[in-house]
Amino acid sequence: MHESRVRIGALGLALAGILFLVYETVAPRTAQNTLEGAASWTSPGWSIGHVAAIIGLILIPLGWAGLRNTLADKRTERLADLAATLGQIGSALAISYYGAEVYGLRAIGARAVADGDASLTAIGEDFRMNPIAAAVFAIGLALIAAAAVLAAVALWRSGTVRRWSGVPMATAMVLYLPHFSLPHAARIGWGALVTVGAVWIATELWRSASRMPD
């Protein structure tokens, strides 16, 4: 049972890493206060990219749950358990914001393009920067980052996997919020870092599952 849970967590984490690279690669990044920006909100790339990020956020805590099942030491097991819990809460909060990005901005963009009125894009900025929405998103990303750091500490202390395996993922999650201010190429680089970090941990978890007694 533990082995299967670890493998499921490993696969989920690896897929999450790939989905974040998809998110940063296919979602268009143009000036958001223009008709071109409004049109980007209605594009397939915008929807696919943000849905990929939503699925990725669902899967990352699954990886931390898998990590918990690889740890025999109670101290590190508690760290992984806390990582999974914080990750689930953080992802739920962040996903609520991403939902608005997918569905709300798409509707606003379609209306702006149909009317030829770029000023309608200001509505999107209004709900994006609404204090409650921004606070919920920021808290969610902070919890996601804290979960990744706790997981990295658990991996470091475990003695059963490579000690550095959790560091790239933790670094990427700590940079989650700041990376939104980067140019598109740098954001794709961030997505690649998430992929590398997630796949590395997933590989370590898979190997650990292979060493578990039947």
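Everything numeric here is computed off the predicted structure, so don't read it as measured data. Reckoned from all heavy atoms, side chains included, excluding hydrogens, waters and symmetry mates.
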Any [X] side-chain heavy atom under 4.5 Å of [Y] side chain:
X      : Y      : answer
Thr121 : Trp41  : yes
Gln88  : Trp64  : no
Phe20  : Leu57  : yes
Leu59  : Leu62  : yes
Leu120 : Asp115 : yes
Glu24  : His179 : yes
Leu21  : Val194 : no
Arg29  : Trp46  : yes

ask   = So, Glu101 and Arg106, do they make that salt bridge, N to O below 4.0 Å?
value =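 Looking at Arg106 together with Glu101, the answer is no, because their closest N to O distance does not fall below 4.0 Å.
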
Shared ILVMFWY cluster between [X] and [Y], side chains joined below 4.5 angstrom?
X      : Y      : answer
Met169 : Leu177 : yes
Leu150 : Leu93  : yes
Tyr103 : Ile95  : yes
Met173 : Leu141 : yes
Leu13  : Val199 : no

message = Tell me which one of Tyr98, Trp190, Tyr176 satisfies ring pair (Phe, Tyr, Trp, His ring centres under 6.0 Å) with Tyr23.
response =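 Of all the options given, the one that passes is Tyr98.
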
message = So, applying ring pair (Phe, Tyr, Trp, His ring centres under 6.0 Å) with Tyr97, which one of Phe127, Phe137, Phe180 is it?
response =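 Filter result, single survivor: Phe137.
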
Sub-3.5 Å donor-acceptor pair from the side chain of [X] to the main-chain atoms of [Y], do we have one?
X      : Y      : answer
Thr70  : Ser208 : no
Asp117 : Val113 : no
Thr195 : Gly191 : yes
Thr34  : Ala31  : yes
Thr85  : Asp81  : yes

request  = Please report the shortest heavy-atom distance between Ser96 and Val136, naming the atom on each side.
outcome  =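 Nearest heavy atoms, Ser96 then Val136: OG-CG1, 3.8 Å.
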
Within 6.0 angstrom of Arg187 CZ, more than 12 heavy atoms from elsewhere =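 Yes, CZ of Arg187 has more than 12 neighbouring heavy atoms, counting only those of other groups under 6.0 Å.
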
task = May I ask you to check whether Trp164 and Trp200 place their ring centres under 6.0 Å from each other?
result =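 Centroid separation for Trp200 and Trp164: 6.0 Å or greater.
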
